[in-house]
Amino acid sequence: MAEPRTELTGATFTLSVLRLADSDLTNIAAYLDHKIAQAPHFFTWAPVVIDISLLTRLPDFLELDALIRAKQLIPVGVSGAKDTLARQAIHQAGLPLLSSRSPKTSQPKAPELPTTRIHRGHIRSGMQIYAANTNLVVIGAISPGAEVIADGDIHIYGPLRGRAIAGASGNREAKIFCDNLQSELISISGTYQLSEALPERSWQQSVIIRLQDDQLYFEQLA
């Protein structure tokens with residue numbers, strides 16, 4: 001059998017993007033505190049890309065980097081730099097400069113999902129079920145504070161009160177099928193919505209959730 005070898009290759013990962021509309025660090029800190037308080041387990045030590053494409057004034061990148069790390073997030077790079085001055089400031093702060101590409105021209109190919117993981121029973125607060133490289137079917141309720149994750153689709157036959165994260169490895173075609181939507185957080189391929197942003201018409205309803213034009217789209221089940 002051939003020995004595994006170390007390789008340096010390209011890969012696609014799901015990352016959260018902090019899209020700044022304001023370079024004031026106090027405002028950024030307040031925003032992060034608010035978001036993290038809503039879903040602390042989701043954000044703790046999460047890698048984050050800083051998008052500065054909307055800014056008209058550059059922040060102090062060293063202070064911004066320290067601020068984000070103090071919130072227990074990990075800055076992995078900066079995207080949206082418009083000119084040489086911005087790129088130099090990013091380099092001087094020791095942050096990687098990332099070039100963002102249009103999702104419409106760089107959509108990762110949906111991976112082939114050979115099997116489906118099935119979980120029967122109540123998923124309680126603090127539990128996490130992860131279906132790697134496949135779909136996940138949950139027959140039972142998901143409590144607040146619980147988390148179900150799949151690289152493919154997620155089907156939930158019971159109330160969803162915790163968090164559901166589909167397409168976790170970047171599959172933008174992944175979907176979430178839910179009998180009774182009361183979720184703390186819904187995420188598909190890194191695009192997420194917290195409970196406060198879920199459509200009122202879909203609350204406690206049977207829905208299909210998919211990604212369309214970089215936004216979550218909620219469709220009522222008949």
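The shown structure was predicted, so the numbers you read here are calculated from the model rather than taken from an experiment. For this chain, numbers begin at 1 and follow the sequence in order.
Taking Y130 as the reference, D151 meet the side chain to side chain donor-acceptor pair (under 3.5 Å) condition, with sequence neighbours excluded.
Side-chain heavy atoms closer than 4.5 Å link hydrophobic residues (I, L, V, M, F, W, Y) into clusters, and following such links, even through other members, never connects I149 to I188. Residues L160 and M127 share a single hydrophobic cluster, defined by chaining ILVMFWY side chains whose heavy atoms lie under 4.5 Å apart. Hydrophobic clustering places I156 together with I129 (ILVMFWY residues linked when any side-chain heavy atoms are closer than 4.5 Å, directly or through intermediates). Both Y192 and I36 are part of a single hydrophobic cluster, where members link through side-chain heavy atoms under 4.5 Å apart. Residues I28 and L73 share a hydrophobic cluster, clusters being chains of Ile/Leu/Val/Met/Phe/Trp/Tyr side chains in contact below 4.5 Å.
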Checklist entry - Can you check side-chain contact (heavy atoms from CB on, under 4.5 Å) on V49 and V78, steps first, answer last? => result CA-CA 6 Å; V49 173; V78 182; over 6 Å; no

Checklist entry - Are I186 and I176 close enough, and set up right, to give a side-chain contact (heavy atoms from CB on, under 4.5 Å), and what steps lead you there? => result CA-CA 9 Å; I186 290 288; I176 297 174; 3.8 Å; yes

Next on the checklist: Determine whether R172 and S189 satisfy the following criterion, side chain to side chain donor-acceptor pair (under 3.5 Å), listing intermediate values before the conclusion.
Outcome noted: CA-CA 5 Å; R172 298 174 60 85; S189 188; 4.7 Å; no

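Across all their heavy atoms, Q205 and R201 have their closest contact at CG-O, 3.3 Å. Taking every heavy atom of both residues into account, A131 and R117 meet most closely at CB-CB, 4.1 Å. Considering all non-hydrogen atoms of both residues, F218 and L181 come closest at CE2-CD2, 3.9 Å. Contact between T191 and Q215 at its shortest, heavy atoms only, is CG2-CA, 4.4 Å. Contact detail for A86 and F61: the closest heavy-atom pair is O-CE1, 4.4 Å. I50 and L20 make their closest contact through CG2-CD1, 3.8 Å (heavy atoms, listed as atom of the first residue, atom of the second, distance).
Proximity of L32 to L18: side-chain heavy atoms (C-beta onward) are separated by under 4.5 Å at one or more points. Proximity of I52 to I90: side-chain heavy atoms (C-beta onward) are separated by under 4.5 Å at one or more points. L216 has its side chain within reach of L211: a pair of non-hydrogen atoms, C-beta onward, lies under 4.5 Å apart. Proximity of D179 to S206: side-chain heavy atoms (C-beta onward) are separated by under 4.5 Å at one or more points. L25 is listed as a side-chain neighbour of L64, based on a closest heavy-atom distance under 4.5 Å.
Judged purely by atom type and a 3.5 angstrom limit, T116 has no side-chain atom pairing as donor or acceptor with the backbone of L136. Counting only distance, with no hydrogens or angles, the side chain of D153 and the backbone of N135 share no donor-acceptor pair below 3.5 Å. Without hydrogens or angle criteria, N171 side chain to G152 main chain gives no donor-acceptor distance under 3.5 Å.
Pairs of residues two or more places apart, or lying in two chains, that qualify as salt bridge (Lys or Arg N to Asp or Glu O under 4.0 Å) and include a residue from residues 60-72 are D33-K71, D65-R69. Among residues at least two apart or in separate chains, ring pair (Phe, Tyr, Trp, His ring centres under 6.0 Å) pairs with a member in residues 132-171 are H155-F177.
The environment of Q204 atom CD is dense: over 12 non-hydrogen atoms of other residues, nucleotides or ligands sit within 6.0 angstrom. More than 12 heavy atoms of other residues, nucleotides or ligands shown are found within 6.0 angstrom of CZ on R87.
With values rounded to the nearest 0.5 angstrom, I154 atom CD1 is found 7.5 Å from I165 atom CD1. Separating the CG atom in L185 from the CZ atom in R163 is a distance of 7.0 Å, to the nearest 0.5 Å. Note that CD1 of I142 is 12.5 Å distant from OG of S125, once rounded to the nearest 0.5 Å. In this structure, CG on D22 lies 7.5 Å from CG on L55, to the nearest 0.5 angstrom. From S183, atom OG reaches atom CZ of R161 across 11.0 Å, with rounding to the nearest 0.5 Å. Between atom CG of residue L58 and atom CG of residue D83 there is a gap of 7.0 Å, rounded to the nearest 0.5 Å.
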